[in-house]
Amino acid sequence: RFLTISAAEVAWQPLAWFNNRLQINRLIIPDLALERLPKLKPSAKKGPLLPSFDIIARDIRIGHARIGAAITGKPQVARLEGALSARGGELRVELDASSTARDMARIRVEAVPDDNRFDAYVRVDAPSGGVIGPLLGTKRPFSARIDGEGDWQHWRGAAHAEMEKVELIDLVLANNDGRFDLNGTL
C-alpha cells in the first residue's frame, strides 16, 4: 500500500458520462498519507496520452497530505487546491500547492483556441528536503517560472529555471503567426 485516504467528499454528476464527460463538482480530501511513490508497470499497449473524454473538476482540495520519509527523507505535510477543465479542445488549470518544507507551486493555464486565448503562468519553488523535488525525481533544490500571454497568433512569454542556484534555462518565447521563436540560454 502506498496511499491511504481516510475519507473523501465527492460531488459528481454520473449522468455526464452519457455526454462523454467526467464531471466532478467537488473533491475534498481532508487527510491522506502518501507513504511511498507507486511502482508503475509499463504498458505494452500504445495509446494517446490524454483520455478521449472531457474532464471537469471544479473544486479540488487536499487539506493535509502527509508525505512519507521514503519520498522526502523526512515526513512532510502538503496541501493542494485547484480546478481544471479539459474539454472540447480547451484547457483551463488553476492549481496552488504548498508544504511545510516551503515548497510552493502555482499554475494558471488558459488555452482556448476557439476564443483565440492562450495565457500561461507557472511558478514552482522546490527547496532541498521538500516534497515537489522527489515527486519529480530530484532531491536538489530548484525553481522554475513560465509566464506569458497573448493569443494563438501572437504570444510572448519567458521561461526560467535554476537548480542549486545555477541557471539552467533563461528563455524568451514567442509565437508570431505560427513562427515560433526561442531565444536565450538552455
Side-chain angles (χ1 to χ4, degrees), residues 1-41 43 47-112 115 117-139 141-147 149:
R1 181 169 61 183
F2 67 92
L3 176 68
T4 302
I5 298 174
S6 55
E9 177 187 338
V10 180
W12 71 305
Q13 294 181 331
L15 296 179
W17 273 120
F18 291 114
N19 292 317
N20 203 32
R21 185 175 72 233
L22 172 61
Q23 184 163 335
I24 300 169
N25 296 325
R26 187 172 53 256
L27 172 60
I28 299 173
I29 301 173
D31 185 65
L32 70 77
L34 181 63
E35 294 301 324
R36 61 175 177 78
L37 295 177
K39 291 180 175 65
L40 303 175
K41 295 179 183 177
S43 174
L49 180 63
L50 297 174
S52 60
F53 55 87
D54 294 343
I55 300 173
I56 301 166
R58 291 197 169 104
D59 182 12
I60 303 168
R61 285 182 266 161
I62 300 173
H64 191 257
R66 291 173 283 128
I67 312 299
I71 298 170
T72 59
K74 68 179 190 174
Q76 301 287 352
V77 175
R79 65 148 201 89
L80 178 140
E81 57 185 50
L84 71 91
S85 174
R87 63 180 174 170
E90 299 178 359
L91 176 67
R92 289 182 175 93
V93 177
E94 283 188 31
L95 177 70
D96 291 299
S98 62
S99 79
T100 52
R102 297 186 332 273
D103 291 272
M104 190 283 298
R106 171 167 272 189
I107 300 170
R108 302 286 186 271
V109 175
E110 185 174 33
V112 187
D115 290 344
R117 278 198 323 265
F118 183 70
D119 294 320
Y121 174 81
V122 176
R123 179 179 173 190
V124 176
D125 290 314
S128 69
V131 175
I132 295 173
L135 292 175
L136 297 176
T138 185
K139 293 195 180 218
F142 74 90
S143 66
R145 313 264 184 289
I146 300 172
D147 195 5
E149 61 182 46

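Since we're looking at a predicted model, the values are computed, not measured. If you read the sequence from its start, that first residue is 1, and numbering goes on from there.
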Mind listing the closest non-hydrogen atom pair of Val131 and Asp103 along with its distance? N-OD2, 2.7 Å
What are the two closest non-hydrogen atoms of Gly129 and Gln76, and how far apart are they? O-NE2, 3.0 Å
Determine, for Arg108 against Asp96, whether the closest basic-nitrogen to carboxylate-oxygen distance falls under 4.0 angstrom. yes
Supply the atom-to-atom distance Glu110 CD to Asp115 CG, rounded to the nearest 0.5 angstrom. 8.0 Å
Arg79 and Gly63 have their tightest heavy-atom pair at CB-O, 3.6 Å
I'd like to know if Asp119 pairs up with Arg117 as an ion pair, taking the criterion as any Lys NZ or Arg NE/NH1/NH2 lying under 4.0 Å from an Asp or Glu carboxylate oxygen. no
With side-chain contact (heavy atoms from CB on, under 4.5 Å) as the test, would you mind laying out the steps for Asn25 and Trp12 before giving the verdict? CA-CA 5 Å; Asn25 296 325; Trp12 71 305; over 6 Å; no
Starting at CG of Leu32, measure out to CD1 of Ile62 and round the result to the nearest 0.5 Å. 5.5 Å
Before accepting this row, confirm whether a basic side-chain N of the pair Arg26/Glu9 lies closer than 4.0 Å to the acidic partner's carboxylate O. yes
Taking all atoms of both residues into account, what is the closest heavy-atom pair of Leu37 and Pro134, and its distance? CD1-O, 4.0 Å
side-chain contact (heavy atoms from CB on, under 4.5 Å) evaluation trace for Ile56 with Arg21: CA-CA 8 Å; Ile56 301 166; Arg21 185 175 72 233; 3.3 Å; yes
If you measure from NE2 on His64 to OG on Ser6, what distance do you get to the nearest 0.5 Å? 10.5 Å
Arg61 bridged to Glu81 by N-O distance under 4.0 Å: no
To the nearest 0.5 Å, what is the distance between CD1 on Ile107 and CD on Glu94? 11.5 Å
Is any side-chain heavy atom of Leu95 less than 4.5 Å from a side-chain heavy atom of Leu84? no
Distance (rounded to the nearest 0.5 Å) between Ile29 CD1 and Ile5 CD1: 4.0 Å
Closest approach of Phe142 and Gly133, non-hydrogen atoms and distance? CE2-CA, 3.8 Å
To check you understand the geometry: which heavy-atom pair defines the closest contact between Ala70 and Arg36, and what is its length? CB-CB, 4.4 Å
Sequence neighbours excluded, which residues qualify as salt bridge (Lys or Arg N to Asp or Glu O under 4.0 Å) partners of Arg145? Asp125
Can you tell me how far CZ of Arg123 sits from CD1 of Ile146, rounded to the nearest 0.5 angstrom? 14.0 Å
Test of understanding: with ring-ring contact (aromatic ring centres under 6.0 Å, His included), list the residues that count as partners of Phe118, not counting sequence neighbours. Trp152, Trp155
Between Asp54 and Gln23, is the side-chain contact (heavy atoms from CB on, under 4.5 Å) condition met? List the steps. CA-CA 8 Å; Asp54 294 343; Gln23 184 163 335; over 6 Å; no
